[in-house]
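The next block holds one structure in the form of structure tokens; read it before the comments.
Residue indices begin at 1 and follow the sequence shown. Atoms within a ligand are numbered from 1 in the order they appear, just like the ligands themselves.
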Amino acid sequence: MSGAGAGPGAGYQSLRWDDGILWVLDQRRLPGETRYIRADAVTVVADAIRTLAVRGAPAIGAAAAYGLALAAAPAPGDDVAAVRERVERAAVLLRATRPTAVNLGWALDRVLRSAAGQPTAAALSERVLAEAAAIADEDRRINRALAQHGQAVLPRRSAPVTVIHHCNTGSLATVDYGTALGVIRAAHEAGQNLLVLVDETRPLLQGARLTMWELQQLGIPAALMVDGAAAHQMRTRGVDLCLVGADRIAANGDVANKIGTYQLALAAKAHGVPFYVAAPLSTVDLTTPTGDAMVIEERHPDEVAVVGGRRMAPEGVVVLNPAFDVTPAALVAGIITEAGVVRPPYAESLALAMGRGRSSKIE
Ligand code: MRU
């Protein structure tokens with residue numbers, strides 16, 4: 001059983017586990033309506049990920065982990081083999097929902113590994129939930145650490161620092177606080193004078209709907225613009241830096257992120273604007289050598305052709321709708337992680353940071 005509900009109370013949270021239920025903020029309805037999906041079965045979670053009710057690489061990972069916890073909930077007469085089989089089937093279902101964000105597979109594998117060898121159905125079920133909760137808790141801590149490291153890339157001055165941001169990387173895209181938007185948020189909390197230029201992020205307007213909503217609530221000065229305005233702003237206004245998130249970072253530093261990121265990075269290069277990526281190390285995939293090996297999700301043509309329920313393109317036209325693109329490492333000035341700001345050459349620095357991230361405790 002599932003359904004929509006008023007949700008988990010004051011403020012907003014992308015997702016929250018409460019007494020055997022995963023509450024998922026339905027981001028498709030924002031900013032107009034704050035409604036939570038009551039997920040009490042893994043199929044509801046899979047559907048929420050597939051339809052972008054929950055989206056953003058870290059939030060997808062945490063939601064998927066809790067999806068396994070739902071599948072692992074003990075039913076009368078269950079033995080350990082039955083629960084294990086249900087969890088494994090749930091992992092297959094969840095893994096197939098979206099292909100590009102590596103945090104999804106990373107979270108599923110982490111939970112599956114931790115569940116191995118549990119002796120009883122109850123122990124297995126408890127372990128799966130504990131690991132999902134650990135992933136969510138770590139995400140909160142990691143984002144705050146990452147945001148502090150990110151302060152090093154912002155110019156220090158009293159006049160406003162102008163930042164271009166693409167897509168949504170805030171609390172909504174994570175369990176809490178955000179990645180690139182977390183860096184911006186921490187700077188604002190430290191008293192930095194900022195102006196955030198927000199790409200609307202076609203086709204699904206994560207920038208207009210979600211990032212503007214979050215920035216408005218945080219009281220951070222921001223202006224919304226169409227994606228095509230970024231180069232113009234760089235040429236005419238002076239932009240200090242671009243700050244974006246990531247869905248997968250290859251071993252050589254190539255970055256998959258929301259479609260439009262690559263052209264933003266190209267414009268930044270042409271105007272001498274530093275282009276930074278902020279992401280947890282769980283977004284780094286050392287098994288993918290370069291961006292060429294990444295699977296880029298293609299989504300339904302209607303996401304492009306239909307806007308606000310109205311068809312904008314003639315019926316039957318061919319539509320290309322890649323949800324992500326790959327920004328070559330050569331365009332990326334630095335990758336802000338919980339282990340520090342990683343600089344080129346990325347083949348060495350990312351491998352080092354992954355080692356450091358694993359061995360250092362992030363408080
Ligand atoms: O399709 P979406 O909305 O899931 O795409 C999200 C992005 O591309 C984000 O920039 C990325 O996941 C980083 S979120 C901290």
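- N103 and T283 share a side-chain donor-acceptor pair at under 3.5 Å.
- In this structure, the protein non-hydrogen atom closest to atom 14 (S) of ligand 1 is A173 CB, 3.5 Å.
- Considering both main-chain and side-chain atoms, L52 never comes within under 3.5 Å of ligand 1 through any nitrogen or oxygen pair.
- In this structure, W23 has its ring center at least 6.0 angstrom away from the ring center of Y66.
- The shortest N or O to N or O distance between A57 and ligand 1 is under 3.5 Å.
- Ion pairing between D227 and R202 fails under the 4.0 Å rule for side-chain N and carboxylate O.
- The P58 neighbourhood of ligand 1 comprises atoms 14 (S), 15 (C), with distances under 4.0 Å to a heavy atom of that residue.
- Every atom of ligand 1 with a heavy atom of R98 under 4.0 Å away is listed here by number and element: 1 (O), 2 (P), 4 (O).
- The single protein non-hydrogen atom nearest to atom 5 (O) of ligand 1 is K258 CE, 3.3 Å, given as residue, atom name and distance.
- Close approach of ligand 1 to Q206 (heavy-atom distance below 4.0 Å) involves ligand atoms 1 (O), 2 (P), 3 (O).
- From the protein, the heavy atom lying nearest to atom 13 (C) of ligand 1 is A246 O, 3.4 Å.
- With hydrogens and angles left out, the side-chain atoms of R185 and S171 include a donor and acceptor closer than 3.5 Å.
- For the pairing with T261, the side-chain contact (heavy atoms from CB on, under 4.5 Å) check across L331, V244, V255, L266 returns one residue only, V244.
- The protein non-hydrogen atom at the shortest distance from atom 7 (C) of ligand 1 is D247 OD1, 3.2 Å.
- Looking only at atom types and distance, the side chain of D254 has no donor-acceptor partner in the side chain of T290 under 3.5 Å away.
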Name the atoms and distances for all side-chain donor-acceptor pairs under 3.5 Å in residues 315-322, with sequence neighbours left out.
from	atom 1	to	atom 2	distance (Å)
E315	OE2	R311	NE	3.3
N321	ND2	H300	O	3.0
N321	ND2	E303	OE1	3.1

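- Of the protein's heavy atoms, N257 OD1, 2.7 Å lies nearest to atom 10 (O) of ligand 1.
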Quiz: residues 118-126 side-chain donor-acceptor pairs under 3.5 angstrom, not counting sequence neighbours:
from	atom 1	to	atom 2	distance (Å)
T120	OG1	A123	N	3.0
S125	OG	A72	O	3.2

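- Taking each of T211, T179, L172 in turn, the one with a heavy atom nearest to atom 15 (C) of ligand 1 proves to be T179.
- At least one N or O atom of R55 sits closer than 3.5 Å to an N or O atom of ligand 1.
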